[in-house]
Amino acid sequence: MPNYWLMKSEPGVFSIDDLANCPNQTEHWDGVRNYQARNMMRDQMHKGDLVFFYHSSCKNTGIAGIAKVVKEAYPDHTALDPDSAYFDPKSTVDNPRWFMVDIRFVEKFTHLVSLQHLKENPLLKDLPLVQRGSRLSIMPVAEKQWNEILAMVPGR
DNA sequence: GCCAACGTTGGC
DNA sequence: GCCAACGTTGGC
């Protein structure tokens with residue numbers, strides 16, 4: 001059984017369309033700089049897990065589609081690159097502080113499941129995404145929540 | 001652009 | 001270990 005996740009991305013930076021247009025429709029998920037998110041990604045995210053791709057900080061916030069984990073956590077090289085916005089001087093080759101996984105495009109929803117609709121569904125009240133003040137960029141999704149959200153996808 | 005909420009840093 | 005200051009996230 002796969003685990004289920006939700007990962008946020010700003011579509012102005014990297015959208016689900018960008019993922020679909022990558023070589024092999026696969027890209028590494030760099031730039032995670034939050035320990036809670038890192039720990040989940042590093043310790044609990046496994047090959048074959050499914051991911052809701054969430055568009056944040058944009059006009060239409062919500063879940064835009066599905067991706068899947070195709071490579072488990074390995075060091076995030078952008079932390080070692082002084083020219084990267086994600087550079088972290090405290091991360092080293094021998095002792096990497098930040099990690100990333102590779103994900104592959106699976107499906108784009110014809111219409112996204114909006115944050116507003118997610119918030120309105122009482123069955124999703126425990127999802128960190130809809131909780132007040134939550135800023136987690138990677139979060140687990142329970143199987144029941146996953147199925148509930150899938151049932152909310154317009155036209156699916 | 002605003003700002004509430006949160007995470008991190010660093011002095012003590 | 002406390003906590004004030006600061007930086008970031010992300011919805012609105």
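- Between the CG atom of A:L129 and the P atom of C:dG10 there is a distance of 9 Å, given to the nearest Å.
- Contact annotation for A:S57: base contact, defined as any heavy-atom pair under 4.0 Å involving a base atom.
- Counting any heavy atom pair closer than 4.0 Å across all strands shown, A:K59 reaches no nucleic acid atom.
- Under the ring-ring contact (aromatic ring centres under 6.0 Å, His included) criterion, A:F52 pairs with A:W146, not counting sequence neighbours.
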For residues 59-71 of chain A, run the donor-acceptor check on the side chains, cut-off 3.5 Å, and write out each pair with its distance to 0.1 Å, sequence neighbours left out.
none

Please set out all donor-acceptor pairs under 3.5 angstrom arising from side-chain atoms of residues 2-10 of chain A, sequence neighbours excluded.
residue	atom	partner	partner atom	Å
A:W5	NE1	A:D49	OD2	2.9
A:K8	NZ	A:L136	O	3.0
A:S9	OG	A:F14	O	2.6

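- Within residues 73-90 of chain A, no residue has a heavy atom under 4.0 Å from DNA chain C.
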Can you give the donor-acceptor pairs under 3.5 Å from side chains of residues 18-26 of chain A to other protein atoms, not counting sequence neighbours?
residue	atom	partner	partner atom	Å
A:D18	OD2	A:S15	N	2.8
A:D18	OD2	A:S15	OG	3.3
A:N21	ND2	A:D17	O	3.1
A:Q25	NE2	A:A20	O	3.1
A:T26	OG1	A:N24	O	2.7
A:T26	OG1	A:R104	NE	3.0

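- Taking a pair as Watson-Crick or G-U wobble with both distances under 3.5 Å, the runs of three or more consecutive pairs in DNA chain B are B:1-12 with C:1-12.
- For A:H28, the ring-ring contact (aromatic ring centres under 6.0 Å, His included) partners two or more places apart in sequence, or in a different chain, are A:H77.
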Generate the contact string for nucleotides 2-7 of chain C. Rules: B means base contact, S means sugar-phosphate contact only, - means no protein heavy atom under 4.0 Å. -----B
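- A:Q131 places a side-chain N or O within donor-acceptor distance of the main-chain N or O of A:D126, the cut-off being under 3.5 Å.
- Listed by first and then second residue, the ring-ring contact (aromatic ring centres under 6.0 Å, His included) pairs involving residues 124-143 of chain A amount to none (not counting sequence neighbours).
- Of the residues in residues 33-43 of chain A, none has a non-hydrogen atom less than 4.0 angstrom from any atom of DNA chain C.
- Straight-line distance from the CD atom of A:E10 to the P atom of C:dG10: 7 Å, rounded to whole Å.
- Applying the ring-ring contact (aromatic ring centres under 6.0 Å, His included) test to residues at least two apart or on different chains, the pairs with a partner in residues 93-144 of chain A are A:Y35-A:W98.
- Applying the ring-ring contact (aromatic ring centres under 6.0 Å, His included) test to residues at least two apart or on different chains, none of the pairs has a partner in residues 120-139 of chain A.
- When the C1' atom of C:dG11 is taken as reference, atom CG of A:L118 falls 14 Å away, rounded to whole Å.
- Contact between the side-chain N/O atoms of A:K8 and the OP1/OP2 oxygens of C:dG11 is not found at any separation under 4.0 Å.
- Here C:dG10 presents its P atom at 11 Å from CD1 of A:I138, a figure rounded to the nearest Å.
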